[in-house]
Amino acid sequence: MVVTLQGELGAGKTTLARGLLRSRGIGGPIKSPTYTLVEHYPVSSLYFYHFDFYRLTSSHEWEDAGFADYFRDDAIVLVEWPERVAGLLGPPDLALSLSHVATGGRELSLDARSARGERCLSALAREAAAP
């Protein structure tokens, strides 16, 4: 499953990723991949890869690093700054967008773009509705 996460600097993309990983039982430090470009976390029988492409300057960096190999069926891939690899990434299953609101908080928009994304949103809605 590929999840993209867009938003301006300081919108809370990495904080959201940390919260997601914590909710899946990941303990210990959860680092921002801004400088390493990718961090890996084992989640159950899946691989969870957290990418941050803010520092990428060309598509050659994507190709040279072999990042396409991370996008496989047994992985959940969360991508910050997906616009930096436009044309290389392919369509996401779920597109998230964070923005600042006037009250000082954040607004999160979720857009399912595949059947997998729809199932994910349905599961989130069921979980949110549970007492």
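- Side chains of I26 and F48 form no contact here, defined as non-hydrogen atoms less than 4.5 Å apart.
- T34 and S32 get closest at one heavy-atom pair: OG1-OG, 2.8 Å.
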For residues 77-97, please give each side-chain donor-acceptor pair under 3.5 Å, one per line with the distance, not counting sequence neighbours.
{"from": "E80", "atom 1": "OE1", "to": "T14", "atom 2": "OG1", "distance (Å)": "3.2"}
{"from": "E80", "atom 1": "OE2", "to": "T14", "atom 2": "OG1", "distance (Å)": "2.9"}
{"from": "E80", "atom 1": "OE2", "to": "H50", "atom 2": "NE2", "distance (Å)": "2.6"}
{"from": "E83", "atom 1": "OE1", "to": "Q6", "atom 2": "NE2", "distance (Å)": "3.0"}
{"from": "R84", "atom 1": "NH1", "to": "Y54", "atom 2": "O", "distance (Å)": "2.7"}
{"from": "D93", "atom 1": "OD1", "to": "S114", "atom 2": "OG", "distance (Å)": "2.6"}
{"from": "D93", "atom 1": "OD2", "to": "V2", "atom 2": "N", "distance (Å)": "2.8"}

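- Of all heavy-atom pairs spanning G117 and A112, the tightest one is C-CB, 3.5 Å.
- For the pair R55 (side chain) and L37 (backbone), a donor-acceptor distance under 3.5 Å is absent.
- Follow the hydrophobic side-chain contacts under 4.5 Å out from Y47 and you never reach I30; the two are in separate clusters.
- Ring geometry for W62 versus F67: interplanar angle over 60°, hence perpendicular rather than tilted (30 to 60°).
- For the pair K13 and L5, the tightest heavy-atom approach, listed with the atom from each and the gap, is O-CD2, 3.3 Å.
- Across every non-hydrogen atom of G12 and R106, the tightest pair is N-NE, 4.2 Å.
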For this session: Report the C-alpha distance between F53 and E61 in whole Å, list the side-chain angles of each, state the deciding distance to 0.1 Å, and finish with yes or no for side-chain contact (heavy atoms from CB on, under 4.5 Å).
Result: CA-CA 10 Å; F53 291 133; E61 292 175 271; over 6 Å; no

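- Rounding to the nearest 0.5 Å places CD of E39 at 4.5 Å from NZ of K31.
- The environment of R24 atom CZ is sparse: at most 12 non-hydrogen atoms of other residues, nucleotides or ligands sit within 6.0 angstrom.
- Taking a 6.0 Å sphere around CD of E127, one finds it holds 12 or fewer heavy atoms contributed by other residues, nucleotides or ligands.
- The structure places CG of L21 at 6.0 Å from OH of Y41, a figure rounded to the nearest 0.5 Å.
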Problem set entry | L124 and L110: CA distance, side-chain angles, deciding distance, side-chain contact (heavy atoms from CB on, under 4.5 Å) verdict | CA-CA 11 Å; L124 285 170; L110 299 97; 4.1 Å; yes

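- Relative ring orientation between F51 and Y49 is described as tilted, the plane-to-plane angle lying within the 30° to 60° band.
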